[in-house]
Amino acid sequence: MSRIQPRSWADLGVLAALSLLGIVGFETSFGDYNFLVAGIGGLLVGTLAAVAATLLRLGALTAVLLGILAYYLVGTPLVMPSLALFGVLPSLPSLTGLSIGGIYGWADILTLHTPVEAPYYIAVLPYFAAWAVALSAGLLALRWLAVKRSVFRSSVLLACPALLYLAGILLGTDEPYYAIVRGVSFAAIALIWVGWRRVVAEQLRLGSARDLTRRRITGVAALVGGAILFGVVGGAVIAPAPENRFVLREQVEPPFDPRQFPSPLAGFRKYTKDLAETELFTVAGLKPGQQIRLATMDSYDGRLWNVATSIAGGADSGSFSLVGSTIPEPELITTEHSGTLEFEITGYEDVWLPDAGYPTKLVFEDDASAAEADRFRYNAATATAVLTGGVREGYHYRMASDFQAIPDDDSLSNVPVASIDLAPVDNVPDVLVAKALEYAGDATSPIAQLRAVEQSLHNEGFLSHGLASDSVPSRAGHGADRMAELFTRPSMVGDEEQYASAFALMARHLGYPARVVMGFAPEVTEEQGSVTVVGEDVTAWAEVAFDGVGWIPFNPTPEETDVPQDQVPKPQNEPQPQVRQPPRLDNDEEDLLTSVEIDDSNEEDENGAFVLPGWAYAVAATILIPALLYLIPFGIIAALKTRRRVRRRKDLAPHSVAGAWEELLDRYAELGLEVPTQRSRRQVAGLMQAQLNEQQLGDAPLTALAARVDADVFGGKDVPQETVDERWREVDALAAGARSAAGWFRRQVARFRIRRSR
């Protein structure tokens with residue numbers, strides 16, 4: 001086995017320290033220090049793989065394959081121990097995560113809201129980055145820098161930890177993590193290392209060894225001191241402000257588009273008519289007066305209220321981010337109290353995940369919903385949650401939420417509305433604009449005008465869901481025509497869908513940031529541990545943002561259901577003969593209802609598709625996967641060795657005989673023997689014979705074989721094919737004898753070594 005020089009150990013330590021400074025930069029993305037376990041683990045795995053490959057004298061390709069094998073074997077308990085078999089062995093899901101995280105994690109982390117916690121494979125990123133840098137830098141330090149220590153080679157090696165440092169910056173946020181301390185420390189260690197590792201021969205003219213050391217220390221100290229002074233002072237002066245920092249996540253548009261799903265408010269009547277008595281879900285922990293939020297809509301195009309896209313909406317109204325169990329807090333909220341709620345889905349099916357208040361923590365309790373956690377997206381500005389694969393029966397999740405405080409009107413009398421850039425509203429009917437000004441009247445403050453509009457709608461309107469039991473019909477929808485109809489018919493008739501929409505449009509016309517929220521308002525008492533939500537509990541309300549306070553709800557929907565009838569007596573007509581009436585031309589006016597199409601691609605095939613039993617996965621994870629990790633690199637190396645042998649045998653006769661000798665030396669080297677260079681065949685034969693005897697690998701007549709090979713190559717005569725075949729048979733016999741005398745472990749290591757004599 002090869003030996004590693006003491007200076008090389010120091011080189012590995014410096015590179016590991018610089019890489020650790022780079023890994024710490026991932027804190028702005030992951031939020032806590034759990035990622036350090038994966039990052040430091042990746043450093044150790046990559047460095048130890050490089051050391052093992054050097055001690056075993058493995059070729060470059062074999063060393064990389066050894067590093068990949070270590071990456072998969074050790075990565076499971078370090079990064080995703082919950083997926084490990086018996087706590088340490090890799091499983092099929094963990095191996096998949098290690099592969100996906102290393103390939104796609106770089107792109108996914110840019111679209112995730114910080115701190116990133118999902119999908120499960122995103123934790124692989126610091127492990128993979130540290131492993132790749134440590135393996136590359138370690139192999140270069142032990143094989144390239146150890147041959148010739150120069151400033152140039154040392155500087156090239158600094159590129160590896162520098163890339164890791166840069167990745168922590170570009171993949172992070174606009175808030176730096178101890179930028180000056182980390183930057184100055186990185187520069188100081190790098191300068192000391194490069195200066196100290198300069199070739200001694202270049203400075204022999206400077207005097208004695210003591211004088212040389214003194215000058216080294218003085219020069220490096222002056223250089224590092226100047227760098228630290230410049231870094232601290234210059235960094236504090238010219239460092240960009242957080243909002244001006246360049247990070248990649250600010251340049252990448254999140255891939256989720258809420259417009260690919262129909263407006264939740266368009267399906268309002270589905271709950272009041274078709275699902276009125278259907279149990280949708282149960283919720284525990286809900287307090288009296290608290291409502292369940294389904295979706296928040298702030299974009300109106302004359303047909304529908306919808307969830308704005310991040311392009312159409314200002315601020316972050318349409319930015320849905322892939323988050324983990326920790327949910328980011330909204331920027332505008334005054335917290336009244338916090339609570340924990342548990343939801344269990346029964347009959348509800350949609351992509352919008354029910355929540356309450358402003359969630360801060362979400363945990364999926366059952367296996368089915370936990371498997372969909374990487375499809376959970378959340379918008380902190382609107383407190384809207386989405387499960388893109390669809391919410392299904394049996395899903396059970398628990399969330400911690402903060403609830404907005406609702407001040408009284410006197411407290412809001414002098415509070416202006418918040419300055420928020422919301423998505424635009426278009427095609428608002430003129431009659432609604434006129435009514436907004438009429439209802440606002442002489443009120444001056446924002447809260448007074450909004451309450452006046454709310455009270456006018458509440459007092460003048462009547463409630464009807466358009467059911468057969470209602471006294472008057474009520475058309476579904478909230479498009480511009482339905483909004484105009486609300487104010488132009490003799491009586492104002494509608495339900496929460498129409499009144500919340502009308503109020504929000506009026507508030508927007510008056511210049512106030514308003515939005516529509518759809519959700520559920522079940523009746524809850526203090527004594528209830530849980531409540532069952534049914535379709536008729538559906539509701540909608542409006543919210544307006546007040547500066548420094550938060551989003552205040554408004555409920556303009558009236559409670560009166562008895563619409564006054566026209567009391568003017570109608571003239572009595574003489575009875576006429578009965579005539580068959582033509583069919584009614586009125587179509588069902590609920591033409592705005594749109595069914596939500598849920599991606600069922602991950603549901604089990606109901607046609608009886610073949611499904612592997614559980615024990616088959618266990619066998620694959622415990623036997624097949626380790627076998628593949630062994631057989632794949634073994635097959636690649638075996639193919640390369642076969643190619644090497646074929647090329648040597650197919651050469652011209654003298655060269656083929658010389659190739660047989662080289663093949664024997666390569667096989668000895670793969671068994672761990674030291675093959676001398678720059679010597680004649682007979683000298684090499686004598687030295688190799690001594691090693692074989694010393695290590696008890698057989699008594700091979702190498703000197704005689706070397707003499708015959710020299711005679712064939714340099715004899716000046718044609719070498720018959722029979723002689724060539726005889727030399728190859730001799731070589732194969734000698735190599736097989738040494739291999740059989742070697743121990744089992746030594747033979748296994750030789751399988752993964754490949755060498756080619758030069």
Side-chain angles (χ1 to χ4, degrees), residues 23-39 79-83 97 101 105 108-127 168 171-177 242 247 249-250 252 254-256 283 285 293 296 316 319-343 352-367 369-389 391 395-404 550:
I23 293 172
V24 174
F26 284 92
E27 192 276 341
T28 59
S29 295
F30 289 89
D32 55 26
Y33 294 99
N34 291 334
F35 72 94
L36 282 178
V37 176
V79 181
M80 44 190 72
S82 61
L83 299 179
D108 290 346
I109 195 174
L110 299 178
T111 61
L112 304 180
H113 198 287
T114 55
V116 295
E117 296 176 337
Y120 75 101
Y121 59 77
I122 201 65
V124 174
L125 187 57
Y127 172 71
L171 300 180
T173 65
D174 53 9
E175 291 292 335
Y177 182 76
V247 291
R249 68 175 58 251
E250 300 295 338
V252 176
F256 175 74
V283 54
R293 186 187 302 263
T296 303
D316 297 320
S319 299
F320 283 78
S321 301
L322 186 61
V323 298
S325 59
T326 301
I327 299 177
E329 297 180 359
E331 294 183 358
L332 187 62
I333 183 177
T334 302
T335 302
E336 180 181 31
H337 66 274
S338 302
T340 301
L341 302 97
E342 289 194 28
F343 290 81
W352 312 97
L353 189 71
D355 60 39
Y358 291 86
T360 58
K361 200 82 173 178
L362 175 69
V363 178
F364 291 102
E365 300 286 354
D366 63 290
D367 294 339
S369 60
E372 297 294 308
D374 57 354
R375 297 191 178 192
F376 172 66
R377 296 178 182 268
Y378 183 77
N379 177 259
T382 61
T384 302
V386 171
L387 205 59
T388 57
V391 184
Y395 282 12
H396 180 203
Y397 56 95
R398 174 170 43 86
M399 66 170 54
S401 294
D402 293 335
F403 290 87
Q404 169 69 42

Rounded distance [0.5 Å steps], CD in Q404 versus OG1 in T335
7.5 Å
Check P359 against G357 and note the closest heavy-atom contact, atom names and distance.
CD-O, 3.6 Å
Could I get the full list of side chain to side chain donor-acceptor pair (under 3.5 Å) partners for T334, not counting sequence neighbours?
none
Would you name the heavy atoms of G550 and L332 that are closest together and state the gap between them?
CA-CG, 3.6 Å
Determine, stepwise, if the pair V283 / E342 fulfils side chain to side chain contact (heavy atoms under 4.5 Å, CB included).
CA-CA 5 Å; V283 54; E342 289 194 28; over 6 Å; no
Hits for side chain to side chain contact (heavy atoms under 4.5 Å, CB included) against S369, two or more places apart or cross-chain, chain-then-number order -> F364, D366, Y395
With sequence neighbours excluded, tell me which residues meet side chain to side chain contact (heavy atoms under 4.5 Å, CB included) with A383.
R293, Y358, Y378
CZ on R377 to CG on L387, rounded to 0.5 Å:
10.5 Å
How long is the gap from CD on E372 to OH on Y397, to the nearest 0.5 Å?
14.0 Å
Side chain to side chain contact (heavy atoms under 4.5 Å, CB included) involving E365 - partner list, sequence neighbours excluded:
V363, H396, R398
Looking only at heavy atoms, which two atoms of V79 and A38 are closest? And how far apart?
CG2-CB, 4.1 Å
Rounded at 0.5 Å granularity, tell me how far CD1 in I333 sits from CZ in F403.
9.5 Å
For a side chain to side chain contact (heavy atoms under 4.5 Å, CB included) check, start with the C-alpha distance between L353 and L362, then their side-chain angles and the critical distance, and finish with the verdict.
CA-CA 11 Å; L353 189 71; L362 175 69; 4.2 Å; yes
Scanning both residues in full, the closest heavy-atom pair of T296 with T384 reads N-OG1, 3.2 Å
For the residue pair F376 and S325, establish whether any side-chain heavy-atom pair is separated by less than 4.5 Å.
no
Quick check: do S401 and L341 have side-chain heavy atoms less than 4.5 Å from each other?
yes
Would you mind reporting whether V386 and W352 have side-chain heavy atoms less than 4.5 Å apart?
yes
